[in-house]
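These values consider heavy atoms only, across backbone and side chains, with no hydrogens, waters or symmetry-generated copies. Model, not experiment: these values are computed from the prediction.
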Amino acid sequence: PLVKMKIEYKNACEKSISYFKVGMLDIETSVLGDKQILLISYADFHTRKVFCAVLNTWGQLTKEDLLARTKVEYDKFRDGLNEDAQSIWDEKPFEVEYKLFESERDLIIWTFKNIHTCKPDFCGVWNIAFDIPYIIDRAIFRGIQPEHLFCNPDVTKEYRFINFKEDNSTI
């Protein structure tokens, strides 16, 4: 299947790619021994949107509380930029969508649904060696097949797989 995909991709390309859609993923986890993912955020640079899934039992916060705090932090961030960077920020600020969840399972599924909707070409991960194996373990624990999270829904189920292996080689 991989060879067929590469051939189809090559045939579909008439010129080189000049723009990539990029996203960034990060998680925060419980330190209380229950191993739950308390927060997953995905920032999509193409749509300028941040999807932030929060386990409601963790913070007992409202969306309004979270949005107010975000405004304060965004203002601080903007004030630290030079004039050129401020004008870029002002032209295309990030919009944050918070969603509060009662279940870790729903939090994980919602986040990856949004990633697939945004269709990034590349997705960076803040601490990939920790975050991806952790998400995989929590997905399995919650009865979610990780390959269905990480593979685009356009890929038929029989071709979906995930195999995370940390690259320890040096450049």
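The side-chain contact (heavy atoms from CB on, under 4.5 Å) test applied to Asn114 returns Phe51, Trp110, not counting sequence neighbours. Applying the ring pair (Phe, Tyr, Trp, His ring centres under 6.0 Å) test to Phe164 and every residue at least two apart in sequence or in another chain returns nothing. Shown here are the side-chain hydrogen bond (donor to acceptor under 3.5 Å, both in side chains) partners of Gln145, two or more places apart in sequence or in another chain: His148. Take Asp44 and apply the side-chain hydrogen bond (donor to acceptor under 3.5 Å, both in side chains) test, not counting sequence neighbours, and it matches Tyr42, Thr47. Under the side-chain contact (heavy atoms from CB on, under 4.5 Å) criterion, Glu83 pairs with no residue at all, not counting sequence neighbours.
In Lys113, the NZ atom is not crowded: 12 or fewer heavy atoms of neighbouring residues, nucleotides or ligands sit closer than 6.0 Å. Counting non-hydrogen atoms of neighbouring residues, nucleotides and ligands closer than 6.0 angstrom, the CH2 atom of Trp89 exceeds 12 such neighbours.
Under the 4.5 Å side-chain criterion, counting only non-hydrogen atoms from C-beta, Cys151 is not in contact with Ile162. Put simply, the side chain of Ile40 reaches to within 4.5 Å of the side chain of Ile108, judged on heavy atoms. Side-chain contact between Arg78 and Asp90: present, with at least one pair of heavy atoms (C-beta onward) separated by less than 4.5 Å.
Between the Glu95 side chain and the Arg48 main chain, no donor and acceptor come within less than 3.5 Å of each other. A donor-acceptor pair under 3.5 Å is formed between the side chain of Glu104 and the backbone N or O of Ile37. Arg105 places no side-chain N or O within donor-acceptor distance of the main-chain N or O of Arg138, the cut-off being under 3.5 Å.
A single hydrophobic cluster is seen to contain both Ile140 and Phe130, as judged by linkage of ILVMFWY side chains at heavy-atom distances under 4.5 Å, directly or through other members. A single hydrophobic cluster is seen to contain both Val96 and Leu81, as judged by linkage of ILVMFWY side chains at heavy-atom distances under 4.5 Å, directly or through other members. Linking Ile, Leu, Val, Met, Phe, Trp and Tyr residues whenever their side-chain heavy atoms come within less than 4.5 Å leaves Phe141 and Tyr134 in two separate clusters. With hydrophobic clusters built from ILVMFWY side chains whose heavy atoms lie under 4.5 angstrom apart, Tyr159 does not share a cluster with Phe161.
When every heavy atom of Pro153 is checked against every heavy atom of Arg160, the shortest pair comes out as O-NH2, 3.1 Å. When all heavy atoms of Trp126 and Asp26 are compared, the closest pair comes out as CB-OD1, 3.3 Å.
If you take CD1 on Ile136 and CD on Glu147, they are separated by 9.5 Å, rounding to the nearest 0.5 Å. The distance from atom NZ of Lys35 to atom OG of Ser30, rounded to the nearest 0.5 Å, is 11.0 Å. Between Asn56 atom CG and Leu38 atom CG the span is 11.5 Å, to the nearest 0.5 Å. Interatomic distance, Ile115 CD1 to Asn152 CG, rounded to the nearest 0.5 Å: 11.5 Å. With rounding to the nearest 0.5 Å, the separation of CD in Glu28 from OG in Ser41 is 7.5 Å. From Leu55, atom CG reaches atom CG of Leu107 across 6.0 Å, with rounding to the nearest 0.5 Å.
Side-chain rings of Phe94 and Phe45 approach one another, their centers coming within less than 6.0 Å.
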Side chains of residues 70-77: which donor-acceptor partners sit under 3.5 Å, not counting sequence neighbours?
from	atom 1	to	atom 2	distance (Å)
Thr70	OG1	Leu66	O	2.8
Thr70	OG1	Tyr98	OH	2.3
Lys71	NZ	Asp75	OD2	2.8
Glu73	OE2	Arg69	NE	3.3
Glu73	OE2	Arg69	NH2	2.8
Glu73	OE2	Lys76	NZ	3.4

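Of the residues listed (Val125, Asp137, Asn127), the one engaging Ile132 in a side-chain contact (heavy atoms from CB on, under 4.5 Å) is Val125, and it is the only one.
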inquiry  = Pair Ile27, Ile135 - check side-chain contact (heavy atoms from CB on, under 4.5 Å), show working.
reply    = CA-CA 9 Å; Ile27 68 172; Ile135 292 169; 3.8 Å; yes
